[in-house]
Amino acid sequence: MSSTAPKWPKRYALADCNTFYCSCERLFRPDLRGKPLVVLSNNDGCLISLSTEAKALGLKVGAPMHEAREIIRQHKVAVFSSNYQLYGNLSRRVMATLDEYTPDLEIYSIDEAFLDFSHVPPGDEEAYATQIRARVLRDIGIPVSVGVGRTKVIAKAASRAAKKLGAPALYLEGERLESTLRAMDVGDLWGVGRRSADKLHGRGICTAWDLRQHDNTALIRQLLTVTGERVRDELRGVDCIRQTDLAEKRMITSTRSFGKRVFDRRDLEEAVSTFTGFACEKLRGQGSVAGGLTVYLRAGSSMEGTGITAQVHWDSPTDDTGTVTREAIALVRALYRGGESYSKAGVFLWDIVPAGQAQTSFFAPPPPQASPLMGAMDAINLKWGRGTVKMASCGTKQDWRMLCEHRSGKTQLAWDDLVEVRAERS
DNA sequence: TCTGGGGTCCTAGGACCC
DNA sequence: TCTGGGGTCCTAGGACCC
C-alpha cells in the first residue's frame, strides 16, 4: 500500500473456514455433500468437528465418542479420524489466497485469519468480503465466512453472526452492530468463556450489548481481569488487541494419550523419546533452542488419573534431539513407578530463545546444536513423512500408539499425493 | 470401559531483598 | 516488648482460545 492511500477508518475482516476439518474431508468425498459427518480427536476419543447436518442430529463438539456412537450408527454419520497433514496443507492454500486480498494477513489458527481491511473503501466491505469467499470456494473448495468490523472482537462477532444467518459476509457497524450484539449472549464473545459468562450473568450482564454498555470498569476488572475490559473496549470500537506474534512459540509441547494402558517402563521411554523428537523438530523448524524440559506422565485413567511431572534446566540451550532425549529418558526413569498404569505422556520444551542469541554458560561446554545430522534428519522427514528417521530409543513396535481407526485412505493423506486430472468439455 | 492436543495471557502469593 | 513498607522475581493455577 502506498503512503498516499486515503485515510479510511481501520477495519478488520475475520475469514473463518466453516467446519474446517469436515470441509477438508468432504473435498475428497463429494458423495458426502449434504450428509452428516464428524471428525474425531486424536485417539478417536471425542468429536472435534461436525458438519451442519451432524449438529442438526444433536451431536455436540467435544462430546466423547462413546456417548455419540448410538446417534452415529442410527443416522449413518460418516466418521473420520483427524488427518492434520491434510488439514495443514489445505490451510496453507487458503491462507495464501487470503493473503492476496490484504496488505496485512494475521493467521490466527489453522482455519482463521484476520485481514487488515483499511484499504477497502467504506461501503464496499461486504462486497469485497463476498468476493474473497467466492474465490476461496472456487479455487480450493473450502467455504469461509467473513465478518468485518472496526475491531477484531467485532469482526469475530460478525463472522459468527454471518454463519448463523447463512450469509457469506457481514459488516457490523451502527444500528446493525447494536441489534446483533443485543441478540448475542455475552458468552458467545471472543475472550469470554463459560466461567466468565456465568459471573457476568450473575450480575445481570447477559448480552454482548450489556457488556458494551457497562461503565463500571472496576467491576469488569474484578470479574474478568484486564482481558474482559479489553473485550468491552473493543466492542466500543477501540482497537486494543495487538497483533499476537505467532512467529516463535515460547513453549513447545508434544503430548498424546495412549491407545491402551501402558505398564512397562520401556514403552514409556519409547513414547517420550518419540514426543521429544517431534518437539525438537518443531524447535529447529522455528530456529530456536530450548533451555528447559519437562516430562509429563499421567498415572491412572485419562480422566481420573493424576499427572506427575519432572523437569530439568540446562545451562546452555540446545535443539539437539539426542541431547534432549537422553535428559527425557532420565526424567522418565525418575518418575516411573512399577505396578502403576499410565494413560498419557508428554514433553514440554520451555525457556525458548532464537538459536543465534542463546546465552550459553561460561562454564558449560557448548552443547551440540544445529548439527548436520539434525538438518539431514529434518530434511528426510519432511520429504518422506514424519518419523521416517528417528532415534533408536523411539522403538519400532510402538504398542502404546493411539488409535486411528477411521483415518481417510492413504491417497488422501497429503494433497501432493493426488493425481492431477484435467477435463475439457467438448 | 470409553473423554484431544497445543497454545497464550493474567493474577495471586511466596520468597527474597533492602 | 517490640516486628514496616515497598519492590522484584518466580511459579502455580485459572481462564481462555482453536
Side-chain angles (χ1 to χ4, degrees), chain A residues 14-21 38-50 59-70 72 80-84 87-88 91 106-114 152-153 156 159-160 186-200 220-231 240-261 275 278-279 282-283 286 292 294 296 298 300-305 307 309 311 313 341 343-352 402-405:
Chain A
L14 176 75
D16 188 345
C17 300
N18 303 346
T19 65
F20 183 54
Y21 299 166
V38 298
V39 175
L40 304 180
S41 64
N42 269 328
N43 223 20
D44 295 345
C46 58
L47 280 45
I48 53 170
S49 181
L50 281 68
L59 295 172
K60 296 257 185 290
V61 174
M65 183 55 179
H66 65 93
E67 279 174 17
R69 195 160 276 135
E70 186 50 31
I72 285 173
F80 294 88
S81 296
S82 37
N83 183 345
Y84 290 102
Y87 311 149
S91 172
E106 185 189 342
I107 297 173
Y108 177 68
S109 73
I110 194 167
D111 65 346
E112 280 173 71
F114 288 104
K152 290 178 182 171
V153 168
K156 269 273 200 183
S159 99
R160 172 178 258 274
V186 71
D188 289 338
L189 285 167
W190 186 41
V192 181
R194 244 202 53 201
R195 298 296 187 121
S196 301
D198 287 348
K199 288 183 205 165
L200 291 172
I220 301 285
R221 270 203 195 211
Q222 185 205 322
L223 296 177
L224 313 181
T225 80
V226 297
T227 317
E229 189 185 343
R230 278 204 284 261
V231 172
C240 49
I241 293 182
R242 66 171 201 287
Q243 177 144 357
T244 45
D245 189 5
L246 299 163
E248 280 164 18
K249 307 281 183 224
R250 296 155 52 147
M251 180 201 251
I252 289 173
T253 71
S254 179
T255 73
R256 293 283 186 285
S257 299
F258 301 136
K260 59 184 184 193
R261 292 294 179 80
F275 305 154
F278 292 159
K282 279 190 220 165
L283 187 67
Q286 71 170 41
T294 297
Y296 164 87
R298 186 158 196 98
S301 77
S302 54
M303 288 314 277
E304 267 109 52
T309 62
Q311 46 249 310
H313 187 265
S341 80
S343 56
K344 185 176 182 178
V347 301
F348 311 117
L349 294 175
W350 38 273
D351 208 356
I352 289 173
M402 58 192 188
L403 307 168
C404 271
E405 289 177 4

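We name chains A, B, ... by the order of the sequence lines, and we start the count at 1 in each one. Bear in mind the structure is a predicted one, so any value in this text is a computation, not a measurement.
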Nearest whole Å is fine: how far is [N] [atom2] from [X] [atom1]?
{"X": "A:L349", "N": "B:dT8", "atom1": "CG", "atom2": "C1'", "value": "17 Å"}
{"X": "A:M251", "N": "B:dC9", "atom1": "CE", "atom2": "C1'", "value": "12 Å"}
{"X": "A:K152", "N": "B:dC9", "atom1": "NZ", "atom2": "P", "value": "12 Å"}
{"X": "A:L40", "N": "B:dG5", "atom1": "CG", "atom2": "P", "value": "13 Å"}
{"X": "A:L47", "N": "B:dG4", "atom1": "CG", "atom2": "C1'", "value": "12 Å"}
{"X": "A:I107", "N": "B:dG7", "atom1": "CD1", "atom2": "C1'", "value": "16 Å"}

Do the two ring centres, one from A:Y21 and one from A:Y84, sit under 6.0 Å apart?
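Aromatic pair counts; centres sit under 6.0 Å.
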Listed by chain and number, what are the ring-ring contact (aromatic ring centres under 6.0 Å, His included) partners of A:H313, not counting sequence neighbours?
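For A:H313, the residues satisfying ring-ring contact (aromatic ring centres under 6.0 Å, His included) (neighbours in sequence not counted) are A:W350.
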Indicate, with a heavy-atom threshold strictly under 4.0 Å, whether [X] touches base, sugar-phosphate, or nothing.
{"X": "A:K344", "result": "sugar-phosphate"}
{"X": "A:I252", "result": "sugar-phosphate"}
{"X": "A:S82", "result": "nothing"}

Roughly how many Å apart are C:dC18 and B:dT3, using the P atom of each and rounding to a whole number?
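Looking at atom P only, B:dT3 and C:dC18 are 25 Å apart.
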Base-contact (B) and sugar-phosphate-only (S) positions in nucleotides 13-18 of chain C, heavy-atom cut-off under 4.0 Å, - elsewhere
--SSSS
Can you check whether A:R230 has a side-chain N or O nearer than 4.0 Å to OP1 or OP2 of B:dC9?
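Looking at the OP1 and OP2 atoms of B:dC9, neither is under 4.0 Å from any side-chain N or O of A:R230.
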Does B:dG4 have OP1 or OP2 under 4.0 Å away from a side-chain N or O of A:T255?
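The answer is no; no side-chain N or O of A:T255 sits under 4.0 Å from OP1 or OP2.
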Might you list the N or O atoms of the protein lying below 3.5 Å from N or O atoms in nucleotides 1-3 of chain B, with each pair's distance?
{"from": "B:dT3", "atom 1": "OP1", "to": "A:S302", "atom 2": "OG", "distance (Å)": "3.0"}
{"from": "B:dT3", "atom 1": "OP2", "to": "A:S302", "atom 2": "OG", "distance (Å)": "3.2"}

Separation of A:D44 CG from A:S257 OG (nearest 0.5 Å)
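It is 11.5 Å, given to the nearest 0.5 Å.
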Atom SG in A:C17, atom OH in A:Y87: separation rounded to 0.5 Å?
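The SG atom of A:C17 sits 13.0 Å away from the OH atom of A:Y87.
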Which atoms form the tightest heavy-atom contact between A:A68 and A:L59, and what is the distance?
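That closest heavy-atom pairing would be CB-CD2, 3.8 Å.
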Show the nearest heavy-atom pair for residues A:N43 and A:F258, with the distance to one decimal.
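Minimum heavy-atom contact is ND2-O, 3.1 Å.
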Classify the ring geometry of A:Y108 against A:F114: parallel below 30°, tilted from 30° to 60°, perpendicular beyond 60°.
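If you compare the ring of A:Y108 with that of A:F114, the planes turn out perpendicular.
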If you find the nucleotide of DNA chain B closest to A:K282 and the one closest to A:T225, which residue's nucleotide is nearer the 5' end?
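Nearest-nucleotide comparison on DNA chain B picks A:K282.
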Using a 3.5 Å limit on both pairing distances, list the dot-bracket string of DNA chain B from the 5' end; Watson-Crick and G-U wobble pairs count, crossing pairs take [ ], interstrand pairs take |.
....||||||||||||||
Would you give me the side-chain donor-acceptor pairs under 3.5 Å for residues 221-229 of chain A, sequence neighbours excluded?
{"from": "A:R221", "atom 1": "NE", "to": "A:E229", "atom 2": "OE1", "distance (Å)": "2.6"}
{"from": "A:R221", "atom 1": "NH2", "to": "A:E229", "atom 2": "OE1", "distance (Å)": "3.2"}
{"from": "A:T225", "atom 1": "OG1", "to": "A:T227", "atom 2": "N", "distance (Å)": "3.3"}
{"from": "A:T225", "atom 1": "OG1", "to": "A:T227", "atom 2": "OG1", "distance (Å)": "3.1"}

For nucleotides 10-12 of chain C, tabulate all protein N/O to nucleotide N/O atom pairs closer than 3.5 Å, reporting atom names and distance.
none

